[in-house]
*Asks:* 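Below is one structure. I have some questions about it.
So that the names make sense, note that chain A is the first sequence line, chain B the second, and so on, each numbered from 1. Only a predicted model underlies this, so the values are computations on that prediction, with no experimental measurement involved.
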Amino acid sequence: MVHFTAEEKSSITSTWGKVNVEETGGEALGRLLVVYPWTQRFFDSFGNLSSASAILGNPKVKAHGKKVLTSLGDAVKNLDNLKGTFSKLSELHCDKLHVDPENFRLLGNVLIVVLAIHFGKEFTPEIQAAWQKLVAGVATALAHKYH
Amino acid sequence: MFVIPSRLNAPQCLRKDHGISKASMQKRNRERLLVVYPWTQRFFDSFGNLSSASAILGNPKVKAHGKKVLTSLGDAVKNLDNLKGTFSKLSELHCDKLHVDPENFRLLGNVLIVVLAIHFGKEFTPEIQAAWQKLVAGVATALAHKYH
């Protein structure tokens, strides 16, 4: 189980408080689809994903990015119980969506890059360390119910 | 996958067109690796004080070695069509003498991407990020190529 220190929790929650969930979610998911193009296979119904600008402007990508990041907000509120928080989503991603868990790690790293772009120098090494721990914990929690 | 030839120039254009000091970027990249992934400190026993984030960030040996590592990445940028050849000797060194798990090359690559994102902000577009992710993945693979 991931254990966060008081400082790490504070880094995560204070960063989260300044995040625009809709914008950041759309950007993170959009970047995932551009930087790791094979991830587009999970989003066949999303329409035009034929170029970076098509992806970044796609309203379904933005909406789904918001959904994904809202879910990360649950993680931020439940840092001591990531596995429980993501239990149902883990089953969904395994049984229905058939998503390779490696993709959760990729999305986590893309989110870190988006945060780095937004916060610049405020995204200190210590804050990055806390967030890397969080995204790794979320990726593990999402893979936990796989069988 | 959409391959745009101009993406190959993205790493070079970022490095040349912007006044970001190479030295400062090198230092920050190495510092971050040691802070974010603390087990990597095990390879740098002789570096002195790495006991806290601020100790790492202020450590002159970290700064010097970061410069060495990123200078080597500069060779990659000049030899994008022959990464394996470029890193052949370094690969042997990291396997036979330094005993570094190749996973750490991927971690350093990702930390470098974050440092670039911090420096360039919105200029670090998805397309530019994609080109750099491809580069750091290629370098990590090249560095692991001579492992046995």
*Asks:* More than 12 foreign heavy atoms under 6.0 Å from NZ of A/Lys83: is that the case here?
*Replies:*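 Yes, the 6.0 Å shell around NZ holds more than 12 heavy atoms from other groups.
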*Asks:* Does any heavy atom of chain B fall under 4.5 Å from the side chain of A/Leu56, the backbone, both, or neither of them?
*Replies:*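 Side chain of A/Leu56 only, per the 4.5 Å heavy-atom cut-off to chain B.
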*Asks:* Which one of B/Leu33, B/Val111, B/Val36, B/Leu34 has the most heavy-atom pairs closer than 4.5 Å to chain A?
*Replies:*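 Max contact count across the listed options: B/Val36.
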*Asks:* By a 4.5 Å heavy-atom criterion (distance strictly below it), what part of A/Phe119 contacts chain B: side chain, backbone, both, or neither?
*Replies:*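 It is neither, since no heavy atom gets under 4.5 Å.
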*Asks:* Would you indicate whether A/Glu22, at its atom CD, is surrounded by more than 12 heavy atoms from other residues, nucleotides or ligands within a distance under 6.0 Å?
*Replies:*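 Atom CD in A/Glu22 is not crowded, with 12 or fewer foreign heavy atoms closer than 6.0 Å.
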*Asks:* For the candidates A/Lys133, A/Lys121, A/Glu122, which exhibits the highest count of non-hydrogen atom pairs separated by less than 4.5 Å from chain B?
*Replies:*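 Option with the greatest count: A/Lys121.
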*Asks:* State the CD1-CD1 distance between B/Ile118 and A/Ile117, to the nearest 0.5 angstrom.
*Replies:*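 These two atoms lie 10.0 Å from each other.
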*Asks:* Please determine, among A/Gln132, A/Glu27, A/His118, the option with the most heavy-atom pairs under 4.5 Å with chain B.
*Replies:*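 Going by pairs under 4.5 Å, I would pick A/Gln132.
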*Asks:* How many angstroms lie between OG in B/Ser52 and CD in A/Glu126, if you round to the nearest 0.5 Å?
*Replies:*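 Reported to 0.5 Å precision, the distance equals 8.5 Å.
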*Asks:* For the atom pair CG (A/Asn109) and CD (B/Gln129), what is the distance rounded to the nearest 0.5 Å?
*Replies:*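 Here the interatomic distance stands at 9.5 Å.
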*Asks:* Does CD in A/Glu102 sit with more than 12 non-hydrogen atoms of other residues, nucleotides or ligands closer than 6.0 Å?
*Replies:*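 Result for CD/A/Glu102: enclosed.
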